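Source: prediction; values computed, not measured. Numbered from 1 within each chain, the chains take letters A, B, ... in sequence-line order.
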2 protein chains.
Amino acid sequence: MARIAGSIGAETADRVREQSLKLFAAKGYAAVSMREIAAAVGVQAAALYNHFPNKQALLADLMLSHMDGLLAAWDSEAVAGEAPAEALQRLVRFHIRYHAGRSDAVFISYMELRSLEPENFMKVEKLRQTYEGVVQSILEQGVEAGVFRVEDTRICAMAIIAMLAGVNTWYRQKGRLNLSQIEGIYTDMVLRVAGAGRREDLCSAAE
Amino acid sequence: MARIAGSIGAETADRVREQSLKLFAAKGYAAVSMREIAAAVGVQAAALYNHFPNKQALLADLMLSHMDGLLAAWDSEAVAGEAPAEALQRLVRFHIRYHAGRSDAVFISYMELRSLEPENFMKVEKLRQTYEGVVQSILEQGVEAGVFRVEDTRICAMAIIAMLAGVNTWYRQKGRLNLSQIEGIYTDMVLRVAGAGRREDLCSAAE
DNA sequence: GTCTATACTCGGATAGAC
DNA sequence: GTCTATCCGAGTATAGAC
């Protein structure tokens, strides 16, 4: 049970990821100093450089591993050949559920793109567009199948992702609504944006 | 036509607002230095302090005057007693049109809340909630009148604002779509989220 | 791997001349 | 109102001991 000093519990690199994720999400990348991250981890600032070459690489690591994880998780969640309405619903529920325990990473990936240097930006942007493409392609399939009515699938995909990302600006675990309620509300809203859903869900009020 | 040196064209204070708005929107408040703003304006950094007591006050000024302007503009745009569906449509068109020439300010007001010190945050947050309340109250009126179907007006209001704010992340003047096209697409999407609209708009695909 | 110490740069902000 | 010069703290990052 004896441990080498400095390696108690999680590996330091992981604790650095964990703490910097929190801090970047709360204050923004540029507003967080390496000293601050180090203090949160419980080491000196210089020790961070044993694990990451610099601050920028730390941000890039966080964003890339988040996007990788998101896409990998969706890959194993997606059901090939599923009807578009179900696929969209599955995606929204997946997205909200997946990001529930990762709100900081989602927030950063959405907000800190501009803090990335060109090289890292391109890498992350490619993954981000892949995810956007997942949404867009579901919308396209729905339009082709005649079950969605979407004027512009690309814009609609971005609007949906923006809507979902916005949850982070107000969601708190002890808030008025629990996660499954939020999940339900957003599923409905997204289906509406896509012009799908049972008639009575969408139109009874207007009749 | 002779002018005192340093007062050519717009007042310096306004030029400072203008340039810092651009820079804050592009790079984030924390990532922009006073020297950078000064260089963009064409003065020395120290000169900025003739117009604003410090960097934080500059940000607060930008955000407060934006929110004030937004609310004032909506006040003179809103039509008392208008039907909820028309009011919501008017709001979306107003919002998109208003923010078209002010995308930087909208972006900052949405993204830099966390950069405000507590005192300034409260002031801005109050105005922000007022605007959120405008959307929410239109939704509530629509629900009461039976023309909207919204599960949770507060969340729906936030989702709508997030959707509209998201436009800034991709809208470019020379992009694929012009502003009136975007306006139309978003008006439709927002009406759908609110569960409103003519039946054929919402439901023909599902019939 | 982590520490202390430090190099070096850049940040916000101020003083005082013009 | 703007300038030059400067203060001082904080930033990232490195060197070298342990």
Side-chain angles (χ1 to χ4, degrees), chain A residues 1-24 26-63 112 114-120, chain B residues 2-24 26-63 108 112 114-120:
Chain A
M1 296 302 163
R3 287 178 179 279
I4 298 156
S7 66
I8 300 162
E11 294 282 337
T12 304
D14 280 341
R15 304 197 54 227
V16 172
R17 284 192 187 85
E18 186 187 322
Q19 295 302 318
S20 54
L21 201 60
K22 265 194 214 172
L23 288 165
F24 288 164
K27 307 173 136 207
Y29 171 75
V32 175
S33 71
M34 294 297 268
R35 285 174 171 82
E36 206 172 348
I37 296 167
V41 172
V43 295
Q44 291 300 311
L48 301 178
Y49 293 86
N50 292 325
H51 306 282
F52 300 92
N54 52 47
K55 191 185 176 189
Q56 171 72 201
L58 177 49
L59 177 65
D61 179 282
L62 293 177
M63 293 180 70
E112 297 294 355
R114 64 183 173 185
S115 300
L116 290 169
E117 288 162 7
E119 199 179 346
N120 291 324
Chain B
R3 287 177 178 279
I4 298 156
S7 67
I8 301 161
E11 294 281 336
T12 304
D14 280 341
R15 303 197 54 225
V16 171
R17 284 193 187 85
E18 186 188 322
Q19 295 302 318
S20 54
L21 201 61
K22 263 195 213 170
L23 288 165
F24 288 163
K27 306 173 137 205
Y29 171 75
V32 175
S33 69
M34 294 297 269
R35 286 173 171 81
E36 204 171 350
I37 295 167
V41 172
V43 296
Q44 289 301 308
L48 302 178
Y49 292 85
N50 292 324
H51 306 283
F52 300 92
N54 51 47
K55 192 185 175 189
Q56 170 73 201
L58 178 50
L59 177 63
D61 179 280
L62 294 177
M63 292 180 70
I108 289 172
E112 297 294 355
R114 63 183 175 187
S115 300
L116 289 170
E117 290 163 6
E119 198 179 346
N120 291 323

Undergrad: Between atom NE2 in B:H51 and atom C1' in D:dT2, what is the gap in whole Å?
TA: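 In whole Å, D:dT2 C1' and B:H51 NE2 are 8 Å from each other.
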Undergrad: Under the side-chain contact (heavy atoms from CB on, under 4.5 Å) rule, what do B:I37 and B:M34 come out as? Steps first, then yes or no, please.
TA: CA-CA 5 Å; B:I37 295 167; B:M34 294 297 269; 4.3 Å; yes
Undergrad: Could you tell me how far apart B:F52 (CZ) and C:dG12 (P) are, to the nearest whole angstrom?
TA: 15 Å
Undergrad: Could you tell me whether a side-chain N or O of B:R35 sits under 3.5 Å from a main-chain N or O of B:A45, the two making a donor and an acceptor?
TA: no
Undergrad: A:Q56 CD to D:dA13 C1': how many Å, rounded?
TA: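 Atom CD in A:Q56 sits about 15 Å away from atom C1' in D:dA13.
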Undergrad: Just to confirm, is there a sub-4.0 Å distance from OP1 or OP2 of D:dA10 to any side-chain nitrogen or oxygen of A:S33?
TA: no
Undergrad: Could you tell me the separation between the CG atom of B:L48 and the C1' atom of C:dA13, rounded to a whole number of Å?
TA: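 Going from B:L48 (CG) to C:dA13 (C1'), I get 11 Å.
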Undergrad: Identify which nucleotide among C:dT14, D:dG1, C:dG1 has an atom closest to any side-chain atom of A:N50, counting heavy atoms from C-beta outward.
TA: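 So the nucleotide nearest the side chain must be C:dG1.
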Undergrad: Going by the side chain to side chain contact (heavy atoms under 4.5 Å, CB included) test, name the single residue among A:N54, A:L58, A:V43 that passes it with A:L48.
TA: A:V43
Undergrad: Look at the side chain of B:A47 and decide which nucleotide, out of C:dG1, D:dC3, C:dA13, has an atom nearest to it.
TA: D:dC3
Undergrad: When you get a sec, tell me which of C:dT4, D:dC3, C:dA13 is the closest nucleotide to the side chain of A:Q44?
TA: C:dT4
Undergrad: Does B:K55 make a cation-pi contact with B:Y29 (under 6.0 Å, within 45 degrees of the axis)?
TA: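 Yes - B:K55 lies over the ring of B:Y29, closer than 6.0 Å to its centre and within 45° of its axis.
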Undergrad: Could you give the CD1-to-P distance, from A:I37 to C:dT2, as a whole number of Å?
TA: 15 Å
Undergrad: Choosing from D:dC3, C:dT2, C:dA13, which nucleotide comes nearest the side chain of B:K55?
TA: C:dA13
Undergrad: So what does A:A46 hit on the nucleic acid, given a heavy-atom distance under 4.0 Å: a base, only sugar-phosphate, or nothing?
TA: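 A:A46: base contact, heavy atoms under 4.0 Å.
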Undergrad: Quick one: B:M34 CE to D:dC3 P, roughly how many Å, whole number?
TA: 14 Å
Undergrad: Can a side chain N or O of B:T12 be found less than 4.0 Å away from OP1 or OP2 on D:dG1?
TA: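 Looking at the OP1 and OP2 atoms of D:dG1, neither is under 4.0 Å from any side-chain N or O of B:T12.
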Undergrad: Contact class for B:V32 (heavy atom, under 4.0 Å): base, sugar-phosphate, or nothing?
TA: sugar-phosphate
Undergrad: Measure from the side-chain N and O atoms of A:Q56 to the backbone N and O of A:S115, and report whether any donor-acceptor pair falls under 3.5 Å.
TA: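 At least one qualifying donor-acceptor pair exists.
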Undergrad: Rounded to the nearest Å, what distance is computed from the OH atom of residue A:Y49 to the P atom of nucleotide D:dT14?
TA: 7 Å
Undergrad: Using atom CD of B:E36 as one end and atom C1' of D:dG11 as the other, report the distance to the nearest whole Å.
TA: 16 Å
